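Take a look at the structure set out below.
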Amino acid sequence: MTTMHEMAKKGIPLKDVLIIDEHCHMGAAIWNYIPDGSAKAIVAEMDNLGIDIACVSHNASLGADYKWGNDRIIEAIRMYPDRFTGYCTINPHYPEEIPGELERCFKNKAMKGIKLHPWFHERTLAYKNYRPVFEFAAKTGCCIMAHVYVVVALIEVLPLPQATVLNIKTVTIAETINAFKVFLMLIPSQIMFKALYFLLYF
Amino acid sequence: MGDIRFFDCNSVIGRRRIKNPGSFHETGELIRKMQYYGIEGAMVYHSLASGYSPSVGNRLLLDEIKDYSFLKGVWVVLPHHTGEFPKPEGLRIEMKNNNIKAVRIFPAAKDHGFSISDWCCGELFDMLEACRVPLMVDLDQLAWDELYGILSAHPGLRVILTGLHYNCGRNLYPLLDKFEHLYIETIGFKPFNGIEDVCRRFGAHRLIFGTCSPLYSGGAAVGMISYAPVSHGEKCMIAGGNLEKLLGGVVL
């Protein structure tokens, strides 16, 4: 029997295990050159690696027009409904649009999460305009994927207890090294964080 | 189709100033990891050579790797003007005597703090160029214009750019286009299908397998090559063939 370890060394797609990529971007990028960031190219690479499903957001949503990017994700999950799960990206600078955009995106069954990018949108997760997002996630049970990126300060993780209080099932913190630091800070400090939350939010 | 033989151009041994949880610093552990990932050989430098004194670290490196023929030493070098490092001709002889076939520099102000312009490093680079000794340098050690300056002034110098990012293509590609002796380490070069794109545009011979162990995982470095959508022959070149060819061309 060929082990997964042997398969990986030989570059054989991992077929015998379900693999879901929870952090995938689509499209071109503002900050760098991507040879081909199309849905078709991503699916080809998923096949090459043995990835079953990718959870995708669109790079345009991190830049100029989050709704234009969400449209591209809706297109992609319609083209490849078995391969992509969509994140609806929310830009907190358009608070009046947030409820409508969430409703619009989540009409699509393959849209199952919300992507927040506090670094690109230059607001921390504690920003008040994210509150409707947390409430929507609590109501629907969808997950939130937050890319905290460079800044890992206390204020970045304060909303996590907020999410806990709202009974949101999953908050994923992207950017591995920073996520590790977050968990190191968070795990031994659950009680303190909850106390801080009540102090700050009530 | 034979197995792909991996030869790592970029590992470090010795304690480091910062060691993240889960990482390691012992040579024995590096060897165990190499065996697990199927990496047959590695070029290593000593952490004291980068994080303290090149001459001290380089000496310790020789002792540390003397029992392991599959570990090839890389010396960290300085320009000679202060007297703390030999003049280029003396360095060449020392390298020859100790079978050192590649060097690395840390010129950034946060590290060894010297200019890589010719008024400071010209004689050193002249020697490396004449002897075809690969010069490795991390991308965070110099600006793109500085790299352009080195390559323009020393077009025969073999430069392996290490520690790349996924977002370097717009500066990297014109340099790869202009300078045939510029090579790139693979581990940090992670734009989506970037390996395939460089192979197609510039040729697989421009890519050199490197792990940046123990800062990064050797397994990820191997996977980047084993799963790259390029031919088996190209994978073999990237994994080890290109580096062996470069080292085989060194004339000390």
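No experiment lies behind these values; they were computed from the predicted model shown. Within every chain, numbering begins at 1; the chains are lettered A, B, ... in the order of the sequence lines, protein sequences first and strands thereafter.
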**Study point:** Other residues, nucleotides, ligands: >12 heavy atoms within 6.0 Å of A:E96 CD
**Key:** yes

Check your understanding: Restricting to pairs with a member in residues 23-46 of chain B, which pass salt bridge (Lys or Arg N to Asp or Glu O under 4.0 Å), not counting sequence neighbours?
Key -> B:R5-B:E40, B:E29-B:R32, B:E29-B:K33

Review point. Counting heavy atoms not belonging to B:R200, are there more than 12 under 6.0 Å from its CZ?
Key: yes

Check your understanding: If you draw a 6.0 Å radius around NZ in B:K110, do more than 12 non-hydrogen atoms from other residues or ligands fall strictly inside?
Key -> yes

Exercise for review: For the pair B:Y227 (side chain) and A:I12 (backbone), establish whether a donor and an acceptor sit closer than 3.5 Å, ignoring hydrogens and angles.
Suggested key: yes

Check your understanding: Of all heavy-atom pairs between A:A8 and B:S226, which one has the smallest distance, and what is that distance?
Key -> O-OG, 2.9 Å

Check your understanding: Is any residue of residues 36-54 of chain A within less than 4.5 Å of chain B by heavy atoms, and which ones?
Key -> A:D36, A:A41, A:I42, A:E45, A:N48, A:L49

Practice item. With chain A as the partner chain, list the residues of residues 168-183 of chain B whose heavy atoms fall under 4.5 Å from it, by residue number, and write 'none' if nothing qualifies. Key: B:R170, B:Y173

Review point. If you look at every heavy atom in B:Q35 and A:K9, which pair is closest and at what distance?
Key: O-NZ, 4.5 Å

Point to revise | ring pair (Phe, Tyr, Trp, His ring centres under 6.0 Å) pairs, two or more places apart, involving residues 41-60 of chain A | key: A:H58-A:W68

Revision key, fill the gap. Rounded to the nearest 0.5 angstrom, the OH-NE2 distance for B:Y36 and A:H5 is 4.0 Å

Check your understanding: Out of curiosity, A:K10 NZ to B:I4 CD1, how far, rounded to the nearest 0.5 Å?
Key -> 10.5 Å

Point to revise | Exceeds 12 heavy-atom contacts within 6.0 angstrom, atom OH of B:Y52 | key: no

